[in-house]
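These numbers come from a predicted model, not from an experiment. Note that the numbering runs from 1 along the sequence shown for the chain.
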Amino acid sequence: MDEAAKLENLQTTIKLNPKNFQARRELIMLCLDLGFEKTALYHIDYLLKIFPDDSNLYYNKGICAEKLKDTTCALLSYQKAVELKNDDPDYLYNLALLQEETGDIDSAMANLKKVIYYKNEDANAFFSIGILYSKKNDSTTAIKCFKKAIELNYSDYFSHFYLAGEYKKIGDSTNALVEYKKVLELSCDYSWAYYNIAQIYFEQGRITDCITMLRKTIEKNPGDIDAIKLLAQILINENNSDKALALLSKKVEKYPTGDFYYLMAKCFSLIEDYPSAKNCLELSLNNPQTLSYNYKAVEQEYKEIG
């Protein structure tokens, strides 16, 4: 029986016998799988009137509420589920993630540690704790957590990525590069890894390698504004303003940012095409929300260009 037929069959069963609680529970789970959260929530609330101490119903209500963007309801539902059954790692994990999202980092940390207490090989919990320690600027502990997550699930490239980020924070570029490269071994299309490798190469003065990684970043994510901008700046500095202009002219059609227009103005100035440079400066000033360069300085350049 396909899902649509099963859905119709369960709805018919419940209509004929509203007290068929098992069918209603099955319908809730099917609705969650199919994306019918409001319908699932209706049936959860129906059952909670009959089974007010059912922790799993509250847990599923939290899932529904999260999907419906009702954070308050989701938080209260997960809290009630944990109150009724405080040793369930799934309940604790979902509650912790929502607490993190709402800024209650300490409560999130405490609940994630409980997850590990009850399920000490939960790679996701170690990863999430690592994120929290990173937010607290405790790179030493964050690194330990990400390493443990990798030990439990080597193929999780997000753990490698965030581990690399912590290494970079503490100035350990060597290990950061090792981890970013592992990310690419596990997920060769992950553009942020290419970009972060490019940044390290740039800091190390490995400009040719940096350019290669930036081009790879843009290949994987054509809309990566930061990568395009950094590549253009490097090309300009390397006296390749024609290549920078070709890159920017192509990208600015789809992403008309103030920064791109400003960099194009730099290119035109270098080839002494001052009318075009002035036009681009004007366009950059007309896009202040996407201009990260000092607005007054750009305005002064516009006045002085002649």
Side-chain angles (χ1 to χ4, degrees), residues 69 101-103 131 134-135 137 161-162 164-166 168-169 171 173 176-177 180 183-184 189-306:
K69 310 299 183 186
E101 184 181 316
T102 56
I131 294 293
S134 178
K135 287 183 176 182
N137 294 315
F161 182 81
Y162 281 91
E166 293 306 312
K168 192 168 187 300
K169 272 188 194 178
S173 296
L177 278 173
Y180 283 132
V183 172
L184 295 176
D189 292 328
Y190 197 59
S191 67
W192 277 104
Y194 290 109
Y195 180 69
N196 282 281
I197 291 172
Q199 284 190 312
I200 292 173
Y201 285 158
F202 181 72
E203 291 164 6
Q204 294 178 340
R206 296 170 59 179
I207 301 304
T208 301
D209 291 332
C210 175
I211 289 173
T212 299
M213 288 295 107
L214 286 172
R215 291 197 182 281
K216 199 70 178 176
T217 304
I218 297 164
E219 174 192 321
K220 299 298 181 181
N221 180 13
D224 190 322
I225 303 298
D226 290 334
I228 297 164
K229 198 169 108 174
L230 180 56
L231 178 55
Q233 288 172 326
I234 290 171
L235 291 172
I236 291 169
N237 291 340
E238 293 292 301
N239 295 317
N240 285 318
S241 55
D242 54 337
K243 290 182 180 179
L245 191 56
L247 170 69
L248 292 164
S249 298
K250 181 180 178 182
K251 293 297 181 180
V252 80
E253 294 177 7
K254 192 168 183 180
Y255 310 103
T257 73
D259 282 349
F260 284 2
Y261 284 123
Y262 178 73
L263 290 169
M264 288 175 70
K266 287 289 185 189
C267 294
F268 282 123
S269 291
L270 286 170
I271 61 174
E272 300 182 354
D273 183 349
Y274 299 113
S276 295
K278 187 165 188 175
N279 181 56
C280 285
L281 285 173
E282 184 176 2
L283 288 167
S284 71
L285 292 168
N286 289 338
N287 288 274
Q289 69 280 3
T290 54
L291 180 64
S292 64
Y293 300 99
N294 184 282
Y295 187 89
K296 288 189 175 180
V298 176
E299 194 173 41
Q300 188 61 35
E301 283 186 52
Y302 175 75
K303 291 177 181 176
E304 293 176 355
I305 199 166

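The two residues Cys210 and Ile234 have their closest heavy-atom pair at SG-CD1, 3.5 Å. Between Lys296 and Asn294, the closest heavy-atom pair is N-OD1, 3.1 Å. Heavy-atom minimum distance, Asn287 versus Pro256: OD1-O, 3.6 Å. Leu285 approaches Glu299 most closely through the heavy-atom pair CD2-N, 3.8 Å. The two residues Ala244 and Ala232 make their nearest non-hydrogen contact at CB-O, 3.8 Å. Leu184 approaches Ala193 most closely through the heavy-atom pair CD2-CB, 3.6 Å.
A 4.5 Å side-chain heavy-atom check between Tyr201 and Thr208 finds every atom pair outside the cut-off. Taking 4.5 Å as the limit, some side-chain heavy atom of Ser134 sits within range of a side-chain heavy atom of Lys169. Annotation: side chain of Ile197 is in contact with side chain of Leu177 (closest heavy-atom distance under 4.5 Å). Under the 4.5 Å side-chain criterion, counting only non-hydrogen atoms from C-beta, Asn196 is in contact with Phe161. Counting only heavy atoms from C-beta outward, the side chains of Val298 and Leu291 approach each other to under 4.5 Å. Residues Leu281 and Tyr261 have side chains not in contact (no heavy-atom distance under 4.5 Å, counting atoms from C-beta outward). The shortest side-chain heavy-atom distance between Val252 and Leu283 does not fall under the 4.5 Å cut-off. Within the 4.5 Å cutoff, no side-chain heavy atoms of Glu219 are placed close to those of Tyr194.
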Taking it one step at a time, do Ile225 and Asp259 satisfy side chain to side chain contact (heavy atoms under 4.5 Å, CB included)?
CA-CA 9 Å; Ile225 303 298; Asp259 282 349; 5.8 Å; no
Under the side chain to side chain contact (heavy atoms under 4.5 Å, CB included) rule, what do Ile200 and Tyr180 come out as? Steps first, then yes or no, please.
CA-CA 10 Å; Ile200 292 173; Tyr180 283 132; 3.9 Å; yes
Derivation of the side chain to side chain contact (heavy atoms under 4.5 Å, CB included) call for Met213 and Tyr195
CA-CA 6 Å; Met213 288 295 107; Tyr195 180 69; over 6 Å; no
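Interatomic distance, Ile211 CD1 to Leu230 CG, rounded to the nearest 0.5 Å: 9.5 Å. To the nearest 0.5 Å, the span separating NZ on Lys266 from SG on Cys280 amounts to 12.5 Å. Rounded to the nearest 0.5 Å, atoms OG (Ser249) and CZ (Phe260) are 11.0 Å apart. Of the inter-residue distances, the one linking Tyr302 atom OH with Asn279 atom CG reads 8.5 Å to the nearest 0.5 angstrom. Rounding to the nearest 0.5 angstrom, the gap separating the CD1 atom in Ile305 from the CD atom in Glu282 is 11.5 Å.
In the displayed structure, Phe202 atom CZ is contacted under 6.0 Å by at most 12 heavy atoms of other residues, nucleotides or ligands. Applying the 6.0 Å contact sphere to CZ of Phe268 captures more than 12 heavy atoms from other residues, nucleotides or ligands.
In summary, the side chains of Thr257 and Lys229 do not present any donor paired with an acceptor at a separation below 3.5 Å, with no hydrogens or angles considered.
For Lys251, the side chain to side chain donor-acceptor pair (under 3.5 Å) test picks out no residue, with sequence neighbours left out. Gln300 pairs by the side chain to side chain donor-acceptor pair (under 3.5 Å) definition with Glu304, not counting sequence neighbours.
Among Leu247, Ile236, Leu235, Ile228, the single residue meeting the side-chain contact (heavy atoms from CB on, under 4.5 Å) criterion with Leu263 is Ile236.
Applying the side-chain hydrogen bond (donor to acceptor under 3.5 Å, both in side chains) definition to pairs two or more places apart or across chains, those involving residues 232-248 are Gln233-Tyr293.
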